[in-house]
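Input: a single structure, listed below in structure tokens.
Each chain gets a letter, A, B and so on, in the order its sequence line appears, and its residues count up from 1.
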Protein chains: 2
Amino acid sequence: MENRLRVLRAERSWSQQDLAERLEVSRQSVNAIETGRYDPSLPLAFRIAELFGLTIEDVFESPSRRSSKAI
Amino acid sequence: MENRLRVLRAERSWSQQDLAERLEVSRQSVNAIETGRYDPSLPLAFRIAELFGLTIEDVFESPSRRSSKAI
DNA sequence: GAGAATAGTAAAGGATGCTTGTCATTCTGA
DNA sequence: TCAGAATGACAAGCATCCTTTACTATTCTC
């Protein structure tokens with residue numbers, strides 16, 4: 001599942017470690033999610049979306065929904 | 001994590017089996033999610049939201065977001 | 001009452017998420 | 001240039017998700 005985590009993190013100049021601490025997960029989990037090795041659990045997806053003030057749909061994108069979304 | 005799956009299903013008069021087939025999961029998985037024994041994976045949460053034409057936030061609700069949402 | 005449909009639960013096993021620990025590589029700045 | 005920060009990746013182990021199979025209880029319909 002595609003996600004915009006790396007972009008959102010970069011916009012805030014956070015390291016993976018910074019983000020991991022804010023989400024209360026390990027740095028390796030952040031890295032694995034960013035690099036697409038696995039998807040977060042639903043509770044973690046909620047924490048991620050809330051941290052960035054976005055909806056889950058804004059952060060993660062199911063393949064079927066990837067069409068021509070602006071920017 | 002709270003969810004409105006049972007209500008959404010009932011609104012459509014679907015059995016757990018009906019819903020399970022539409023989601024391509026087992027009836028027991030639907031039952032477990034409805035009764036709160038566990039949360040769906042993120043990909044399954046997306047399928048559920050898409051099936052009902054809602055956002056994930058509309059179907060599932062993190063504890064921190066449970067305040068005074070209308071109806 | 002018999003049979004079907006629905007729902008709740010359990011056990012066992014496979015798949016996935018998350019951890020700590022470790023190593024290699026790349027980036028950054030003094 | 002070189003040290004430290006940052007990143008990517010892997011392994012082992014535990015937790016969680018999801019499966020199949022199975023059993024039970026309730027309700028409904030004939």
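Residues B/Glu24 and B/Arg47 approach most closely at O-NH2, 4.1 Å, considering heavy atoms. Of all heavy-atom pairs spanning A/Arg9 and A/Gln16, the tightest one is NH1-N, 3.4 Å.
Not one side-chain nitrogen or oxygen of B/Arg27 sits closer than 4.0 Å to the OP1 or OP2 atom of C/dT9. Within the structure, a side-chain polar atom (N or O) of B/Arg6 is placed less than 4.0 Å from OP1 or OP2 of C/dG8. Distances shorter than 4.0 Å separate none of the side-chain N or O atoms of A/Arg37 from OP1 or OP2 on D/dT7. When the side-chain nitrogen and oxygen atoms of A/Ser29 are compared with OP1 and OP2 of C/dC18, none of them lie within a distance under 4.0 Å. An OP1 or OP2 oxygen of C/dC18 is reached within less than 4.0 angstrom by a side-chain nitrogen or oxygen of A/Ser41.
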| field | Step-by-step side chain to side chain contact (heavy atoms under 4.5 Å, CB included) determination, B/Leu5 to B/Phe60 | value | CA-CA 8 Å; B/Leu5 204 51; B/Phe60 301 91; 5.6 Å; no
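The side chain of A/Asn31 lies closest to D/dT7 when the candidates are D/dT7, D/dC17, D/dC18. Set against C/dG17, D/dC18, C/dA7, the side chain of B/Tyr38 has D/dC18 as its closest nucleotide. Nearest to the side chain of B/Thr35, among C/dA7, D/dT7, C/dT9, sits C/dT9. If you check C/dC18, D/dT20, C/dG21 against the side chain of B/Gln28, the one that comes closest is D/dT20.
Nearest-nucleotide mapping onto DNA chain C: of B/Trp14 and A/Ile33, the residue sitting toward the 5' end is B/Trp14.
Here D/dC18 presents its P atom at 18 Å from CD of B/Glu21, a figure rounded to the nearest Å.
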